[in-house]
Amino acid sequence: MRVVTWNVNSIKMRLSRTLGLLGRHEPDVVCVQELKVADEAFPAGQLEAAGYCSSVLGQVGRNGVAILSRDPLTDVARGFPGDPAPEQARVLSGSVGGLRIVNVYVVNGVAVGAPQYELKLRWLDALSAWLRAEHDRNDPLLIVGDFNVAPEDADVHDPERWRGRNLASEPERERIRALLGWGLVDLMRLHHEGRGPFTFWDYRAGAFHRDWGLRLDLALATRPVADRCTGVWVERDERKPTSGAGKPSDHAPVIVDLR
DNA sequence: ATGTCACTTTACAAGTGA
């Protein structure tokens, strides 16, 4: 089973590249974030023509998450109980192939101390509380998405420059550690040691060319799923301006293989 | 640190969020 997570930064602008990704990698499930469209404007027809069902939690102009799957999802859930900002479309869950999949687009936070940053911490606390209350760490659960947190110094290109800043600050990292402490495994770290790989490069200042990247897009799984994980990698070419139709997202897809 | 991008709107440029 192959699962992809990708912050597309507008599904409308990235539809052509998304179809290309489906054709090249033939994933079973694709979790996408930052749709920036309402449900009714989601291009479900074109994805269906490519062989994928869509489950969508959209929002006009911002946020928005969807799960594409070869087989239809069952038990689809929009949002999560306890969300401190339930009007923002950030979480969509569904089951397929005996696996519970949770697709998340975590609050960005903007800057340490900003109101959005305080919301980010509360939001992550609520997500953690929901997982602990309504899920079992012994069940097959995979939670993927744009966490907007680089969990460790190895996940940023320049740890000193990023120390204490939004996306890399200690309070955010504590929240990620709380998820891991409950019983989730960071699948990328099963297969890659040391610096990187990164999944996000800012559009500005030639950040991609300079490899000023961060690892913000994560795949976290309970032990039964982690034991089945045969590979995880970043499809870095997808961030290149030249390797697809139209412009790239500022995030690259993360691809997870499960036996 | 900021060589950008995509969105919205009493729209045809400017503000917002990332």
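Every chain is numbered from 1 and lettered A, B, ... according to where its sequence line falls, protein lines coming before strand lines.
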For the [atom1] atoms, the ones on [N] and on [M], what distance do you get once it is rounded to whole angstrom?
{"N": "B/dT16", "M": "B/dA11", "atom1": "C1'", "answer": "15 Å"}
{"N": "B/dA14", "M": "B/dT2", "atom1": "P", "answer": "23 Å"}
{"N": "B/dG3", "M": "B/dC7", "atom1": "P", "answer": "22 Å"}
{"N": "B/dT10", "M": "B/dC5", "atom1": "C1'", "answer": "26 Å"}

Could you note down all residue pairs passing ring pair (Phe, Tyr, Trp, His ring centres under 6.0 Å) where residues 13-37 of chain A supplies at least one of them, sequence neighbours left out? none
Hey, could you give me each pair passing ring pair (Phe, Tyr, Trp, His ring centres under 6.0 Å) that has a residue in residues 93-137 of chain A? Not counting sequence neighbours. A/Phe80-A/Trp123, A/Phe80-A/Trp130, A/Trp130-A/His135
With side-chain hydrogen bond (donor to acceptor under 3.5 Å, both in side chains) as the rule and sequence neighbours excluded, what pairs involving residues 187-196 of chain A come up? A/Asp155-A/Arg189
How many whole angstroms separate atom [atom1] of [X] from atom [atom2] of [N]?
{"X": "A/Leu214", "N": "B/dT2", "atom1": "CG", "atom2": "C1'", "answer": "14 Å"}
{"X": "A/Leu216", "N": "B/dG17", "atom1": "CG", "atom2": "P", "answer": "19 Å"}
{"X": "A/Asn63", "N": "B/dT16", "atom1": "CG", "atom2": "C1'", "answer": "13 Å"}
{"X": "A/Asp217", "N": "B/dA18", "atom1": "CG", "atom2": "C1'", "answer": "13 Å"}

Scoring nucleotides 3-15 of chain B by protein non-hydrogen atoms under 4.0 Å (B base, S sugar-phosphate only, - none) yields BBSSSS-------
For A/Trp6, which residues count as a ring-ring contact (aromatic ring centres under 6.0 Å, His included) partner, sequence neighbours excluded? none
For residues 47-54 of chain A, which side-chain donor-acceptor pairs fall under 3.5 Å, sequence neighbours excluded?
| residue | atom | partner | partner atom | Å |
| --- | --- | --- | --- | --- |
| A/Tyr52 | OH | A/Pro27 | O | 2.6 |

Using a cut-off of 4.0 Å on non-hydrogen atoms, how would the nucleic acid contact of A/Tyr105 be classed: base, sugar-phosphate, or nothing? sugar-phosphate
Of the options A/Val254, A/Asp186, A/Val149, which is the one that meets A/Arg215 in a side chain to side chain contact (heavy atoms under 4.5 Å, CB included)? A/Asp186
Ranking A/Asn148 and A/His157 by the position along DNA chain B of their nearest nucleotide, the one closer to 5' is A/His157
